[in-house]
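Side chains included, hydrogens not; waters and symmetry mates left out as well; all remaining heavy atoms used.
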Amino acid sequence: MAESVTTSPSPETVSDADFADILAATKQFIRTQVVPRELEIMSTDRVPDDLRDQAKKMGLFGYAIPQEWGGLGLNLVQDVELAFEFGYTSLALRSMFGTNNGIAGQVLVGFGTDEQKTRWLEGIASGAVVASFALTEPGAGSNPAGLRTKAVRDGDGWVITGQKQYITNAPDADLFIVFARTRPADDDGPGIAVFLVPADAAGVTVGAKDSKMGQEGAWTADVNFDEVRVGNDTLIGGSEDIGYRAAMTSLARGRVHIAALAVGSAQRALDESVSYAATATQGGTPIGSFQLVQAMLADQQTGVMAGRAMVREAARLWVTGEDRRIAPSSAKLFCTEMAGKVADLAVQIHGGSGYMRDVPVERIYREVRLLRLYEGTSEIQRLIIGGGLVKNAQRQMTS
């Protein structure tokens, strides 16, 4: 059994000593309990229940939820150190509790009313409640401006109608964080609200699990809302115009986390490559003796080191509030593209064996491909970075 992670109540941050214990226990859990069962996760398309239970006991379903609501209370600087470890194994493990800590849970933490936090956050932190972030839909990805799902006032509540797509953890969800348009965008705001919708509400239906290229065990599905009636107390923050800002803030924070995951996966691909190069032989000579193989290893190492430093800096800038837009997108763009290149080199170093389904680098190659897509594609990140730099320059010129 993995060591249980608990911390005593503290103001808003976890001490370095407590965090060191949390990180060590998480690393031990992943390296000794999860890594040996990666093939089981892949072949059964599910994370075993005993691993889920251990993750709950360790507090991993709520590590980024504030301690006052039952979580461990880690900030983003600490979050990314855990994410480096989560990325080292099957990404389904992290996906199991990723929405609770990340894009779904953070909407409640940052924008919910005290009553909404009291109602839901302790369950989310303990893992008793699985929260899903229902933003993406056909024709509208990471930019909420294209949303078609509608929420219409009806007496003292709302009626929600629309379809969401590729929703992580939807088959297991107890709660959907649903973004919907309440009116066309106007001078008063974007007209996008966000609602707390229980999965068992009348009119909510979850489609079949998506069949994906990789990340077996990380379940996604379509979710349909057919005239779902919810009370006014489910409107997050009590405002119709919080939705857009909540989505953008949550996604930006999530981009730093995804970048860290990518670094963790790249580190695993590098480690597998070095181990293989040091032991596999060609003509009686270890292939790691060949200069062209060494060059590939060097490119992998360089990318991993650069990505790790970039993630840590982006997380620091987020926590201090210095940059919550350009740095997250820059880190996600670089690290997810880097992970794809490192995984590709890992397969090349392994040769034919790297194409075999039971070899870790084959799984990594497929899994990291998704990292360039969710929380905003690489193309979206480039627009955010480039546009942000130009806007910053224009502001400076007119100030």
Side-chain angles (χ1 to χ4, degrees), residues 45 95 98-99 102-104 107 130-152 158-185 189-216 218-230 234-236 240-252 254-255 258 329 332 336 366-367 369-384:
D45 189 23
S95 183
T99 49
I103 51 179
V107 169
V130 173
S132 279
F133 184 82
L135 172 66
T136 301
E137 56 187 54
S142 299
N143 184 357
L147 283 184
R148 297 177 184 173
T149 296
K150 293 182 179 180
V152 179
W158 297 83
V159 176
I160 301 173
T161 302
Q163 179 185 1
K164 300 296 181 176
Q165 191 175 46
Y166 312 139
I167 305 305
T168 299
N169 288 329
D172 282 336
D174 302 289
L175 174 69
F176 291 106
I177 309 295
V178 182
F179 293 81
R181 185 172 293 285
T182 60
R183 67 173 192 278
I192 295 172
V194 55
F195 296 87
L196 297 158
V197 181
D200 60 2
V204 176
T205 56
V206 178
K209 287 187 300 180
D210 295 322
S211 180
K212 306 189 298 297
M213 177 191 294
Q215 297 205 16
E216 294 89 351
W219 295 349
T220 64
D222 289 0
V223 184
N224 290 288
F225 300 88
D226 184 10
E227 296 189 351
V228 178
R229 294 180 180 273
V230 295
T234 67
L235 177 63
I236 290 184
E240 291 184 40
D241 287 304
I242 275 180
Y244 186 83
R245 184 160 57 97
M248 292 297 94
T249 301
S250 186
L251 286 169
R255 285 163 186 156
I258 294 299
S329 287
K332 183 182 185 290
T336 58
R366 289 181 294 109
E367 289 200 332
R369 186 59 184 87
L370 183 58
L371 300 183
R372 285 184 268 169
L373 302 177
Y374 58 24
E375 257 89 319
T377 64
S378 292
E379 289 70 33
I380 288 294
Q381 307 314 320
R382 289 185 171 96
L383 293 177
I384 292 171

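With rounding to the nearest 0.5 angstrom, the CD1 atom of Ile192 is 4.5 Å from the CZ atom of Arg181. Separating the CD atom in Glu137 from the CZ atom in Phe225 is a distance of 10.0 Å, to the nearest 0.5 Å. A distance of 12.5 Å separates CG of Leu196 from CZ of Phe176, quoted to the nearest 0.5 Å. Atom-to-atom distance recorded for Asp226:CG and Ile160:CD1 is 12.0 Å, nearest 0.5 angstrom. Atom CG of Leu371 sits about 13.0 Å away from atom OG1 of Thr377, to the nearest 0.5 Å. A distance of 9.0 Å separates CG in Leu370 from CE in Met213, rounded to the nearest 0.5 Å.
Within a 6.0 Å radius of NZ in Lys150, other residues, nucleotides and ligands contribute 12 heavy atoms or fewer.
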Applying side-chain contact (heavy atoms from CB on, under 4.5 Å) to Thr234 and Val197, what does each step give before you reach the verdict?
CA-CA 7 Å; Thr234 67; Val197 181; 5.9 Å; no

Ile167 and Val206: side-chain contact (heavy atoms from CB on, under 4.5 Å), yes or no, with the steps?
CA-CA 10 Å; Ile167 305 305; Val206 178; over 6 Å; no

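Shortest non-hydrogen contact noted between Val204 and Pro198 is CG2-O, 4.1 Å. Taking both residues in full, the closest heavy atoms of Val228 and Ala201 are given as CG1-CB, 4.0 Å, listed atom of the first, atom of the second, then distance. The minimum heavy-atom distance linking Pro138 with Gln163 is given by the pair CD-O, 3.8 Å. Taking both residues in full, the closest heavy atoms of Ala170 and Ser132 are given as N-OG, 3.5 Å, listed atom of the first, atom of the second, then distance. Across every non-hydrogen atom of Glu367 and Glu216, the tightest pair is OE2-N, 4.4 Å. Here the closest heavy-atom approach between residue Ala193 and residue Thr182 is recorded as CB-CG2, 3.7 Å.
A salt bridge links Asp241 to Arg183: at least one charged side-chain nitrogen sits closer than 4.0 Å to a carboxylate oxygen.
Here the side chains of Leu147 and Lys164 are in contact, with some heavy-atom distance below 4.5 Å. Side-chain contact check for Val152 versus Thr161: every heavy-atom pair is 4.5 Å or farther apart.
Each of Thr136, Asp210, Thr99 was compared with Thr168 under the side-chain contact (heavy atoms from CB on, under 4.5 Å) criterion, and only Thr99 meets it. With respect to Phe179, the ring-ring contact (aromatic ring centres under 6.0 Å, His included) criterion is satisfied by exactly one of Phe133, Phe195, Tyr244: Phe133.
Remark: the backbone N or O of Asp45 is paired with a side-chain donor or acceptor of Trp219 at under 3.5 angstrom. With hydrogens and angles disregarded, a donor-acceptor distance shorter than 3.5 Å links the side chain of Ser250 to the backbone of Ile103. Looking at Glu240, its side chain never comes within 3.5 Å of a backbone N or O of Gly191 through a donor-acceptor pair. A donor-acceptor pair under 3.5 Å is formed between the side chain of Asn169 and the backbone N or O of Ser95. A donor-acceptor contact shorter than 3.5 Å is absent between the side chain of Arg148 and the backbone of Gly162. Between the side chain of Lys332 and the main chain of Glu375, no donor-acceptor pair closer than 3.5 Å is present.
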